[in-house]
Amino acid sequence: MATLLTACTPAVDRPGTDVGQPVATSSYGPTAGGVATIPATGGATQTSAQPQAVPPPVPAPPASPQPFALNLYQTGDFVPQYTFDWCVAASIQMAHNLIDDTGGASWTDPAQQGQLWEMARARSSDSFNGANPFGWAQVLTESGMGPYAVVSVANYEAALQTAAGAMANTGRPVGLVMWSGRHAWVMSGFESMGDPGVFPEFQVTGIRVMDPLYPYGSGQWGPSPEPNSLLTPAQLATQFVIREPRRWSSGLPAGYLLVLPVASA
């Protein structure tokens, strides 16, 4: 932050002269201590302090990154998927619960989950008759939790930074498209070295997740972590993998898919 320094220079009055008397002249300069001696008429001597140079402010060194954490989870926010098809709908319910911290409007009802799945499926296409991330993002937005958008990030570390940065900026959860496009998890928080709002090059060190399939997991991909588990990036990478375009046509390049909260305009 720039600081505006104003140096006030005191005025130095030259001695006056008597009418009819010659004006005494003399050269003068600063003496020791920064005080100028100014000879005056009548033998009197005046002194006046000269302005002192003010050194420019020394900028403070940038603070080093410190551990940072954000966790939206509260007890009761987790919702299981009530059928093996409804992971997107359960994730929408969990996102609502994470955003709504009043505790009075939790979404957990099985009938509602079925309705949300039908909504997401109707807004999806080329998804093997299921709900894809585009339908997921659209239902989140239409339900008052958005705006949300689907993004593909080619690099794993960059994908984690993108997700954590969006969470820190909006205060809303992120959808993770798991198992190469076959499953949905919710990112409910994260830990990092450095605050994303202060250090653009912050490093994500932990990811908090909720898998609606808990406690069943997958024989191919591994067990479901407990709700609000803190995973290392290496642990998450065993199930959060690149979605290849052949899984379903989306127009997005291959990469790590996120259902990302976007700051309102």
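Along the sequence shown, the residues carry numbers beginning at 1.
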Legend entry - side-chain contact (heavy atoms from CB on, under 4.5 Å) partners of Pro65, counting only residues at least two apart: Met193, Phe199
Legend entry - Which atom of Gly171 lies closest to which atom of Leu72, heavy atoms considered: O-CD1, 3.7 Å
Inset, instruction - Would you give the length of the straight line joining atom CZ of Phe202 to atom CG of Leu160, rounded to the nearest 0.5 angstrom? - result: 9.0 Å
Inset, instruction - Take atom CD of Gln203 as the centre, draw a 6.0 Å sphere, and report whether it contains more than 12 heavy atoms from other residues, nucleotides or ligands. - result: no
Inset, instruction - Identify whether Trp221 and Trp185 are in the same connected component of the hydrophobic contact network (ILVMFWY, side-chain heavy atoms under 4.5 Å). - result: yes
Legend entry - Verdict with reasoning, Glu226 to Met210, per side chain to side chain contact (heavy atoms under 4.5 Å, CB included): CA-CA 7 Å; Glu226 293 185 5; Met210 296 196 292; over 6 Å; no
Legend entry - Within-4.5 Å side-chain heavy-atom neighbours: Thr232 and Thr205: no
Legend entry - Backbone N/O of Gly217 and side chain of Ser224: donor-acceptor pair under 3.5 Å: yes
Inset, instruction - Please answer whether the main-chain N or O of Gly146 pairs with a side-chain N or O of Thr141 as donor and acceptor at a distance below 3.5 Å. - result: no
Legend entry - Donor-acceptor contact present, side-chain Tyr214 to main-chain Phe78, <3.5 Å: no
Inset, instruction - Answer yes or no: is there a side-chain heavy-atom contact under 4.5 Å between Ser188 and Met94? - result: no
Legend entry - Non-hydrogen side-chain atoms of Leu257 and Val151 separated by less than 4.5 Å: no
Legend entry - Min side-chain heavy-atom separation Tyr148-Leu260 under 4.5 Å: no
Legend entry - side chain to side chain contact (heavy atoms under 4.5 Å, CB included) assessment of His96 paired with Ile99: CA-CA 5 Å; His96 173 273; Ile99 294 170; 5.9 Å; no
Legend entry - Distance-only polar pair, side chains of Glu142 and Gln138, donor-acceptor under 3.5 Å: yes
Legend entry - Side-chain heavy atoms of Phe190 within contact of Met167, under 4.5 Å: yes
Inset, instruction - May I have the step-by-step check of side chain to side chain contact (heavy atoms under 4.5 Å, CB included) for Val209 and Val186, ending in yes or no? - result: CA-CA 6 Å; Val209 297; Val186 176; over 6 Å; no
Legend entry - Nearest heavy-atom neighbours spanning Pro133 and Val177: CG-CG2, 3.6 Å
Legend entry - Test ring pair (Phe, Tyr, Trp, His ring centres under 6.0 Å) applied to Phe240 - qualifying residues, sequence neighbours left out: Tyr256
Inset, instruction - Taking the side chain as every heavy atom from C-beta outward, state whether Glu191 and Val204 have any atom pair closer than 4.5 Å. - result: no
Legend entry - Contacts of type side-chain contact (heavy atoms from CB on, under 4.5 Å), residue Ala158, not counting sequence neighbours: Val153, Asn155
Legend entry - Polar side-chain atom of Asn97 near backbone of Trp107 as donor-acceptor pair, under 3.5 Å: yes
Legend entry - 4.5 Å side-chain heavy-atom contact, Leu231 and Pro225: yes
Legend entry - Spacing of Gln93 atom CD and Thr108 atom OG1 [to the nearest 0.5 Å]: 7.0 Å
Inset, instruction - For residues Pro110 and Trp86, report the shortest heavy-atom separation together with the two atoms involved. - result: O-CZ3, 3.7 Å
Legend entry - Shortest non-hydrogen contact between Pro261 and Ala166, atoms and distance: O-CB, 3.7 Å
Legend entry - Nearest heavy atoms of Pro253 and Ser152, plus distance in Å: O-OG, 2.8 Å
Legend entry - ILVMFWY cluster, Leu230 and Leu98 together (side-chain gap under 4.5 Å): no
Inset, instruction - Using atom types as modelled and distance alone, determine if a side-chain donor or acceptor of Gln239 lies under 3.5 Å from a backbone N or O of Ser180. - result: no
Inset, instruction - State, with a plain yes or no, whether a side-chain heavy atom of Asn169 is found less than 4.5 Å away from one of Pro196. - result: no
Inset, instruction - Kindly say whether Pro80 contributes a backbone atom to a donor-acceptor pair with the side chain of Gln113 at under 3.5 angstrom? - result: yes
Inset, instruction - Please round to the nearest 0.5 Å and tell me the distance separating atom CG of Leu176 and atom OG of Ser91. - result: 9.0 Å
Inset, instruction - Flag yes if Val262 and Met145 sit in one hydrophobic cluster, no otherwise; membership is Ile, Leu, Val, Met, Phe, Trp, Tyr, and two members link when side-chain heavy atoms are under 4.5 Å apart. - result: no
Legend entry - Distance (rounded to the nearest 0.5 Å) between Ile207 CD1 and Ser229 OG: 12.0 Å
Legend entry - Approximate separation, where rounding is to 0.5 Å, of Ser124 OG and Phe134 CZ: 9.5 Å
Inset, instruction - Report yes or no: does Arg182 contribute a side-chain atom to a donor-acceptor pair with the main-chain N or O of Met178 at less than 3.5 Å? - result: no
Inset, instruction - Under the side chain to side chain contact (heavy atoms under 4.5 Å, CB included) rule, what do Asp77 and Thr75 come out as? Steps first, then yes or no, please. - result: CA-CA 6 Å; Asp77 287 345; Thr75 302; over 6 Å; no
